[in-house]
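Everything below concerns the one structure shown next.
Just follow the structure's listing: the first ligand is 1, and inside any ligand the first atom is 1.
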Amino acid sequence: MKTIVMTGGTSGFGAVAALQILAAADTRLLLGARRPGAEGIETLPLDRASLASVRLFADALLTKLGDTAIDSLVLNAGVQLPTDSRTEDGFETTFATNQLAHYLLLRILLPKLAHGATVVITTSDTHVAIKKLDPEGWAHQQHHGFLAGMRAYASSKLCNLLTARALTMSETGKRLGLVVTAYTPGFTPDTTLFRHWPRFLQPLQAVVKLVAPVVRLSSAKQAGGTLADLALGRTTPPAGRIYAALAKRRLTWPDPSELARSDAAAKELWRASARMVGVSEDPANIAA
Ligand SMILES: NC(=O)c1ccc[n+]([C@@H]2O[C@H](COP(=O)([O-])OP(=O)(O)OC[C@H]3O[C@@H](n4cnc5c(N)ncnc54)[C@H](OP(=O)(O)O)[C@@H]3O)[C@@H](O)[C@H]2O)c1
């Protein structure tokens, strides 16, 4: 029996992936979410905008798992918020939700990962827009306007990629032989990620959805199927690659941005995230 733990399985392409994982033979899926997943999916409450909720979810999950190890951890949930807001912990919401919550969950669940476990973190190709690492600045920024909100999203997605990289560099990652992928579905217009966009952009979304098949943009069905394949280990990264990108509906393994390939940036982000969520920086865990 394979045990898969997932976030972001209630909407968008994550919901498609969750159903496919559920249908796989000898597989148990445990979902962390704000609301119940589809029928048959075991769901535990998780609001990633709250670090206390992440800790409660992890506690409940560990109790439920008992001695069972996690074979696959899929950190897929994400938000895109054009308007500025703060979490109860005082962090900018996009950064806190997309980076800090997943980082904390990863750190708590690391000791529960099976040897050779799969870890998939959903990132975005928008990460290429960010040229300089600034975790403390991103955690406390106040962004004004749609484009600034999109930059906040892109920087949080760069963090997802760097966290995946840091995990492959870590002693634990190496010792356990973790199979780590940072996955981007590419622009996938038929999900609910854009639900917070301003009203005036909504007609544009409708047009993009219409032309999506013609210009071969990703669909939730395909992006979800690919995520399920990664989660189930049906698709594995080629040697030395961690960035999986759907491009024109084909899975590719390109280089991410130069900053996303920086070992120094990966280590700096890992340590800054540790300080912000209140866990040890654990220098022994990250390759010196
Ligand atoms: N769509 C794209 O073009 C695109 C491109 C690149 C990367 N991505 C990334 O792909 C992932 C999935 O996105 P999607 O397009 O499928 O978007 P979506 O339809 O909005 O789904 C997002 C998922 O994250 C969950 N989530 C959001 N905030 C949460 C919170 N505070 N606590 C717990 N769960 C939360 C949502 O739960 P609810 O059901 O409760 O809302 C939902 O299950 C995200 O990480 C996104 O950044 C998307």
Is the shortest heavy-atom distance from the side chain of [X] to the side chain of [Y] under 4.5 Å?
X: Ser155; Y: Phe95; value: no
X: Glu92; Y: Trp138; value: no
X: Ile70; Y: Ile4; value: no
X: Met150; Y: Thr126; value: no
X: Leu113; Y: Val119; value: yes

State the atoms of ligand 1, each with its element, that fall below the 4.0 Å cut-off from a heavy-atom position in [X].
X: Arg35; value: 38 (P), 39 (O), 40 (O)
X: Ala49; value: 31 (N)
X: Asn76; value: 11 (C), 12 (C), 44 (C), 45 (O)
X: Val79; value: 27 (C), 28 (N)
X: Gly78; value: 22 (C), 24 (O), 27 (C), 44 (C), 45 (O)
X: Gly12; value: 16 (O), 19 (O)
X: Gly8; value: 23 (C), 24 (O), 43 (O)

Please write down residue, atom name and distance for the protein heavy atom closest to [atom].
atom: atom 43 (O) of ligand 1; answer: Thr10 OG1, 2.7 Å
atom: atom 9 (C) of ligand 1; answer: Thr122 CG2, 3.6 Å
atom: atom 15 (O) of ligand 1; answer: Thr191 OG1, 2.7 Å
atom: atom 17 (O) of ligand 1; answer: Leu193 CB, 3.5 Å
atom: atom 6 (C) of ligand 1; answer: Pro185 CD, 3.5 Å
atom: atom 3 (O) of ligand 1; answer: Thr188 N, 2.7 Å
atom: atom 27 (C) of ligand 1; answer: Arg34 NH2, 3.4 Å
atom: atom 19 (O) of ligand 1; answer: Thr192 OG1, 2.7 Å

Below 4.0 Å from ligand 1: does a non-hydrogen atom of [X] turn up there or not?
X: Ala33; answer: no
X: Gln80; answer: no
X: Thr123; answer: yes
X: Gly186; answer: yes

ask   = Which bit of Leu46 gets closer than 4.0 Å to ligand 1, counting heavy atoms only: side chain, backbone, both or neither?
value = backbone
request  = Of the side chain and backbone of Asp47, name the one, both, or neither that has a heavy atom under 4.0 Å from an atom of ligand 1.
outcome  = both
task = Any chance you could lay out the side chain to side chain donor-acceptor pair (under 3.5 Å) test for Gln99 and Ser156, step after step, and finish with the verdict?
result = CA-CA 6 Å; Gln99 169 60 13; Ser156 74; over 6 Å; no
Whether Phe187 and Phe194 hold their rings parallel, tilted or perpendicular, with breakpoints at 30° and 60° =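 Correct class here is perpendicular.
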request  = Give yes if a backbone or side-chain nitrogen or oxygen of Lys157 is under 3.5 Å from a nitrogen or oxygen of ligand 1, and no if not.
outcome  =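 Indeed, backbone or side chain, Lys157 has an N or O that close.
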key: Single hit among Thr122, Thr163, Leu105 for side chain to side chain contact (heavy atoms under 4.5 Å, CB included) with Leu75   = Leu105
Residue Arg250 excluded, over 12 heavy atoms near CZ under 6.0 Å = no
ask   = Which of these, Phe187, Phe194, Phe13, Tyr153, has its nearest heavy atom closest to atom 16 (O) of ligand 1?
value = Phe13
ask   = Out of Arg48, Arg195, Met6, whose heavy atom is nearest to atom 30 (C) of ligand 1?
value =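 Among Arg48, Arg195, Met6, the closest heavy atom to atom 30 (C) of ligand 1 belongs to Arg48.
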For [X] and [Y], work out which heavy atoms get closest and say how close.
X: Ser218; Y: Thr188; value: CB-OG1, 3.5 Å
X: Tyr183; Y: Phe13; value: CE2-CE1, 3.9 Å
X: Arg261; Y: Pro256; value: NE-O, 3.1 Å

ask   = Would a distance-only check, ignoring hydrogens and angles, find a side-chain to backbone donor-acceptor pair under 3.5 Å from Thr27 to Lys2?
value =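 No; zero donor-acceptor contacts below 3.5 Å.
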message = I'd like to know whether Glu281 forms a side chain to side chain donor-acceptor pair (under 3.5 Å) with Trp270, so could you lay out the CA-CA distance, the side-chain angles of the two residues, the decisive distance to 0.1 Å, and finally the verdict.
response = CA-CA 8 Å; Glu281 289 184 28; Trp270 184 276; over 6 Å; no
